[in-house]
2 protein chains.
Amino acid sequence: MKLTISDLAKMTGLAKSTISGVLNNKDGFSEKTRQKVLQAAEQYGYVPNEIARGLSTKYTKTIGLVIKDIANPFYSKLTKGVQEVAGEYGYTVFLCSSFEDHHTEKEQIQAMLSRRVDGLIVAPLLEEVTFDHLFDLKAKSVPFVLLGSVPGLDSSYVEFDDYDGGRQVTEHLLERGHRSIGFAAGLPTSRASRERLRACRDVLSAHGLALRPEFTFEGAQELADGVEIGRKLIAMKERPSALICFDDVVALGVVKAFQSEGLRIPEEMSLTGFDDIDLMIFPLTTVSIPTYEAGKALARTLFGRIFGGPDTPPQRIVFDEKLVVRSSVRTAAN
Amino acid sequence: MKLTISDLAKMTGLAKSTISGVLNNKDGFSEKTRQKVLQAAEQYGYVPNEIARGLSTKYTKTIGLVIKDIANPFYSKLTKGVQEVAGEYGYTVFLCSSFEDHHTEKEQIQAMLSRRVDGLIVAPLLEEVTFDHLFDLKAKSVPFVLLGSVPGLDSSYVEFDDYDGGRQVTEHLLERGHRSIGFAAGLPTSRASRERLRACRDVLSAHGLALRPEFTFEGAQELADGVEIGRKLIAMKERPSALICFDDVVALGVVKAFQSEGLRIPEEMSLTGFDDIDLMIFPLTTVSIPTYEAGKALARTLFGRIFGGPDTPPQRIVFDEKLVVRSSVRTAAN
DNA sequence: AAAATAAATTGAACCGGTTCAATTTCCTGT
DNA sequence: ACAGGAAATTGAACCGGTTCAATTTATTTT
């Protein structure tokens with residue numbers, strides 16, 4: 001059915017190796033043969049079998065991308081960046097979602113390895129349990145780049161300065177006179193969320209303040225979680241004067257809840273997010289994260305390693321997070 | 001470096017074929033051998049090479065997904081659905097984005113084929129030029145499913161009843177008394193946009209009305225395009241009383257433009273969208289599209305074909321679009 | 001015109017699996 | 001103890017490429 005190199009060999013009366021050589025632009029072939037091969041390949045619509053090629057060359061021209069959830073704008077934008085760079089290199093990307101499950105993450109990485117990807121980009125879940133699977137990658141000297149560093153693992157990574165982002169919003173709120181601040185954190189598996197929370201706590205405590213447990217929420221992930229947090233806040237007799245959401249999606253959920261109950265932002269409560277997603281139309285004060293650029297950087301770093309060989313020194317790239325002041329934070333009457 | 005089946009054979013003193021057989025759960029092996037093989041594989045951490053396996057079995061356990069833009073929530077949600085079903089089948093998905101370019105679309109499909117994917121899901125761009133590459137797939141009897149049917153191509157597809165969606169919004173607007181309606185269409189390569197526009201025109205003309213050219217915009221794709229359209233409308237002395245946007249992202253852009261200029265929706269202009277994206281917090285009257293379900297349906301249909309063989313009759317699945325009335329459309333003072 | 005050198009082409013082995021006919025080993029019944 | 005049949009194991013060919021030493025062909029040189 002499918003045309004193979006041997007078929008072409010038969011048709012042109014040349015040897016397999018000749019066909020292969022010409023098709024791979026190796027030199028040492030006469031112009032005549034070259035033309036004959038090229039012509040035949042063109043005419044019969046020969047499509048090389050990358051699987052077979054991969055088997056002998058060990059290069060599959062394929063990279064794996066393991067993220068948490070493609071439906072989240074943060075990851076879809078990052079993915080776009082990765083894809084674009086991969087395309088430039090003639091690479092195709094395997095997309096895997098861990099769906100926030102540690103076991104799935106391991107499985108997906110395993111699947112990528114058995115498919116012999118040339119390299120991996122992983123946005124690992126943070127788990128108490130173990131990073132064995134990542135250390136394994138290193139031990140096997142599979143080229144890989146992480147989104148976010150992993151303690152003790154001397155690997156390439158791209159990360160955002162989430163701690164600093166958290167610092168910036170918190171200080172901004174303090175400057176505007178807020179003293180009672182709430183925090184809607186993400187899943188405990190999110191490094192970004194943890195860092196932001198930690199920064200917030202640090203800054204507050206440096207000012208002699210603290211996050212009150214009843215104003216601290218955990219596990220927010222989707223819009224619906226934000227809505228729920230919003231509802232809870234509405235139901236409270238006493239509320240923080242400002243709420244930091246660990247990402248824009250959650251913030252949007254809170255906005256939605258507030259809107260439907262007629263609670264006004266920032267008059268009745270100030271609100272901030274993280275990511276600065278494109279689809280935001282609410283004038284949310286947030287922290288912008290260069291997701292798309294990070295995706296590109298991840299891919300570029302990975303290719304650096306793939307082509308540079310195992311002795312390429314690990315690269316660490318940190319992107320800054322930048323406060324974007326809009327109008328969801330009011331100056332609090334102290 | 002990597003452990004192969006031959007290595008295991010050497011270590012256990014058995015034949016390659018025995019190792020392979022046991023690992024693939026074929027029967028006809030003694031319990032003793034079976035254990036010996038399994039044990040060794042486990043102990044030395046054997047990972048099968050899917051590339052090699054793919055070469056001889058012709059099954060790569062891989063499908064290709066070619067979409068336009070992963071950063072668009074419509075596609076990222078659809079992708080999530082595809083991925084989830086693929087995962088159930090132990091398949092991994094290659095993600096390709098055409099970035100709205102017809103040539104890239106062809107290339108990506110080609111790349112997938114040379115990687116010998118077991119099947120393809122394609123959201124094809126609509127182009128005057130040609131669907132040759134899709135007809136080719138059929139000719140080569142590569143299993144594939146399209147998002148949206150292609151005229152003359154008798155293939156499996158999943159689509160939305162975009163015409164009916166367009167009908168619904170338009171009628172809704174007419175019922176609410178709107179007579180001067182604008183339309184912000186997408187790229188001409190979008191089937192959905194075309195169908196919706198066509199429906200709108202049909203309904204209007206059935207009521208003796210028409211879309212005025214100056215209220216009809218083309219090529220809207222991202223939020224920024226919506227913003228621009230919004231600005232243009234603001235600058236007009238005379239405006240339509242309602243604007244149908246071909247998707248929520250564009251609608252969001254219009255909302256953004258209006259908000260910044262203080263133009264009120266729906267008081268000064270009514271607005272509708274399509275998709276009913278999760279991140280919508282603006283009470284936009286829109287048409288909901290079961291993107292995620294469509295992704296799952298696409299994948300399931302594809303697997304039906306992959307496992308059912310070439311004689312599987314083409315499946316056509318049409319998902320309904322449903323008007324979701326919120327509060328961005330007012331009853332017009334005629 | 002023969003020898004030396006350079007250029008072009010080829011054949012066989014290999015990558016890591018799968019497959020299946022052929023062979024070997026193990027039981028069973030007599 | 002042995003023939004016969006069933007069960008277990010094996011070896012070789014194959015999938016479709018790449019690689020490279022060896023061979024063949026062409027071109028120079030003397």
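Lettering of chains follows the sequences in order, A, B, ..., and the numbering in each one begins at 1. If you're wondering where the values come from, they're calculated on a predicted model, not measured in any experiment. Worth knowing before you read on, the calculation uses all heavy atoms, side chains too, and leaves out hydrogens, waters and symmetry mates.
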Carboxylate-amine/guanidinium proximity below 4.0 Å for [X] and [Y]:
X        : Y        : value
A/Glu159 : A/Arg316 : no
A/Glu50  : A/Arg53  : yes
B/Asp118 : B/Lys61  : no

OP1 or OP2 of [N] less than 4.0 angstrom from a side-chain nitrogen or oxygen of [X], does that happen here?
X       : N      : value
B/Tyr59 : C/dG17 : no
A/Ser20 : D/dT18 : yes
A/Thr4  : D/dC15 : no

Per A/Asn49 side chain, nearest of listed nucleotides C/dG16, D/dT18, D/dG17:
D/dG17
Looking only at side-chain atoms of A/Ala52, point me to the closest of D/dG17, C/dG16, C/dG17.
D/dG17
Could you check whether [Y] and [X], counting side-chain N and O atoms only, form a donor-acceptor pair closer than 3.5 Å?
X        : Y        : value
B/Ser98  : B/Gln108 : no
B/Ser17  : B/Ser20  : no
A/Gln315 : A/Ser156 : no

Donor-acceptor pair (no angle test) under 3.5 Å: A/Lys16 side chain, D/dG17 base
yes
Would you mind reading off the distance between [X] atom [atom1] and [N] atom [atom2], rounded to a whole angstrom?
X        : N      : atom1 : atom2 : result
B/Lys26  : D/dT9  : NZ    : P     : 16 Å
B/Lys2   : C/dG17 : NZ    : P     : 10 Å
B/Leu8   : C/dG17 : CG    : P     : 8 Å
B/Arg116 : D/dG17 : CZ    : P     : 7 Å
A/Gln35  : C/dA8  : CD    : P     : 14 Å
A/Arg53  : C/dG17 : CZ    : C1'   : 20 Å
A/Asn25  : D/dT18 : CG    : P     : 12 Å
B/Lys36  : D/dT10 : NZ    : P     : 9 Å

Most 5' of B/Lys32 and B/Lys58 on DNA chain D, judged by nearest nucleotide
B/Lys32
On DNA chain D, does the nearest nucleotide to A/Ile19 precede the nearest nucleotide to B/Thr57 from the 5' side, or the other way round? Give the residue.
B/Thr57
Using atom names, set out every protein N or O paired with an N or O of nucleotides 20-22 of chain C below 3.5 Å, distance rounded to 0.1 Å.
none

Look at all strands and tell whether [X] reaches a base, only sugar-phosphate, or nothing, counting heavy atoms closer than 4.0 Å.
X       : value
A/Leu14 : sugar-phosphate
B/Ser30 : sugar-phosphate
A/Thr18 : base

Can you confirm whether or not the ring centre of A/His133 sits under 6.0 Å from the ring centre of A/His102?
yes
Any donor and acceptor pair, going by atom type alone, linking the side chain of A/Thr33 with main-chain N or O of A/Phe29 inside 3.5 Å?
no
